[in-house]
Amino acid sequence: MSAIYERVALIGLGLIAGSMGLRMKRDGLAREIVGTARSAETRAVATELGLCDRVTETAAEAVAGADLVVLCVPVGAMEAVAAEIGPHLAPGTTVSDVGSVKGAVITAVAPHLPDGVHFVPAHPLAGTEHSGPRSGFPELFDNRWCLLTPVGDVPEATDRLARLWRAMGSNVETMDPDHHDRVLAVVSHAPHLIAYTMVGVADDLRRVTESEVIQYSATGFRDFTRIAASDPTMWRDVFLSNKDATLEILGRFTEELFALQRAIRTGDGDLLHDYFTRTRAIRRGIIEAGQDTDRANFGRGDAP
Ligand code: NAP
């Protein structure tokens with residue numbers, strides 16, 4: 001495939017950037033891929049694994065001459081990175097990111113971008129519970145969605161970025177950032193918080209039941225522990241920056257939980273059966289859409 005960009009700069013070299021670098025290199029999607037990370041250790045690993053063609057010490061060096069810059073750091077670090085690179089961005093450059101929240105990233109990053117720079121935030125709905133430069137693999141985005149939330153009227157920059165994500169294996173959709181954040185609160189952010197909570201509850205119980213929680217964790221609990229093993233920094237930032245939407249969904253979740261709790265207490269089997277029939281249909285719909293984990297991503301992990 002011919003190159004879509006001349007020079008792509010990846011800022012942050014963890015799971016997502018590493019997977020992008022490996023995929024773009026494998027398929028020749030950029031003539032040059034430059035990367036940087038804050039720690040010397042990550043930069044050394046990225047060089048060793050060949051995640052990009054060239055690794056620089058600073059973000060300012062990485063973005064020089066790039067026609068696409070992608071911020072691949074935790075959501076809470078986006079503003080500082082944008083402030084650092086802003087003065088070094090040339091007009092015509094497209095800046096994007098891969099953050100799991102869009103509204104807060106736009107508020108944090110946009111003020112630092114000079115006139116003439118196109119801002120097309122993105123969120124690949126692909127990930128695993130692993131993080132760091134050694135965790136990336138080129139197939140991560142295959143058959144996953146990537147959601148773009150362009151800022152302003154930037155159709156050409158948006159189309160070009162969409163081409164890159166499609167070439168990396170994703171299905172692409174464009175949407176409004178607030179809508180994105182509400183949808184993700186339902187499908188990803190609230191479920192992660194519930195998994196964290198459930199594992200926390202089990203950890204408390206473990207003190208009572210000794211090793212039983214681990215011994216019998218092959219049941220549904222094991223999936224919770226995998227989700228709850230996701231990167232603590234990333235998820236702290238997700239909840240703090242998608243506060244309103246997540247709290248709204250958690251409020252609804254609590255109401256439903258109370259309703260089910262009451263049904264159990266009062267022995268309302270019909271309510272429970274109807275409820276579980278409805279949820280089972282949702283699962284079937286996900287499988288039919290090809291978005292269940294095992295088929296969509298080789299069983300390697302969850303969407304974020
Ligand atoms: P990751 O593997 O933990 O890598 C994060 C990278 O950001 C590392 O290179 C790290 O540098 C750098 N970094 C961390 N804190 C920083 C700071 N304060 N200032 C500058 N650089 C910093 O993370 P990831 O999973 O690739 O996630 C990156 C972004 O993608 C996040 O915004 C996340 O919301 C989003 N995302 C993640 C997933 C997922 O499932 N993991 C899915 C979709 C989107 P060092 O290594 O040098 O510390």
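Side chains are part of it too, since the values below use all heavy atoms of this structure and drop only hydrogens, waters and symmetry mates. Counting starts at 1 for both ligands and their atoms, in listed order.
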Proximal ligand 1 atoms for [X], defined as those under 4.0 Å from one of its heavy atoms:
X    : result
L13  : 8 (C), 9 (O)
P124 : 43 (C)
T128 : 40 (O)

Ligand 1 contact on [X] by region, counting heavy-atom pairs under 4.0 Å:
X    : answer
D237 : neither
M234 : side chain
R43  : neither

If I apply the N/O under 3.5 Å rule, does [X] come out as touching ligand 1?
X    : result
H123 : no
V73  : yes
S39  : yes
S135 : no
L15  : yes

Are [X] and [Y] within salt-bridge range, i.e. N to O under 4.0 Å?
X    : Y    : answer
D268 : R262 : no
R284 : E288 : no
D97  : K102 : yes
R54  : E61  : no

Pick from [options]: the one approaching [atom] most closely through a non-hydrogen atom:
atom                    : options               : result
atom 42 (C) of ligand 1 : A126, G127, A77, P232 : A126
atom 13 (N) of ligand 1 : P74, G136, G12        : P74
atom 2 (O) of ligand 1  : A17, G132, G18        : G132
atom 28 (C) of ligand 1 : C72, G76, C146        : C72
atom 36 (N) of ligand 1 : S100, A37, G14        : S100

R278 to Y275 six-membered ring, cation-pi geometry met (6.0 Å, 45°)
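Because its charged atom sits under 6.0 Å from the ring centre and within 45° of the axis, R278 does stack over Y275.
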Starting from Y5, can I reach V34 by hopping between I/L/V/M/F/W/Y residues whose side chains sit under 4.5 Å apart?
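No, because V34 and Y5 fall into different hydrophobic clusters, even though each may have its own neighbours under 4.5 Å.
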Do other residues, nucleotides or ligands put more than 12 heavy atoms under 6.0 Å from the NZ atom of K25?
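Counting neighbours around NZ of K25, more than 12 heavy atoms of other residues, nucleotides or ligands fall under 6.0 Å, so yes.
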Under the side-chain contact (heavy atoms from CB on, under 4.5 Å) test against T36, which residue among V55, L13, T56 passes?
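It is T56; the other options fail the test.
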Can you tell which of L68, V63, V120, L89 makes a side-chain contact (heavy atoms from CB on, under 4.5 Å) with V95?
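Passing option: L89.
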Output yes when a side-chain donor or acceptor of T246 lies under 3.5 Å from a complementary backbone atom of F239, and no otherwise.
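It does not hold such a pair.
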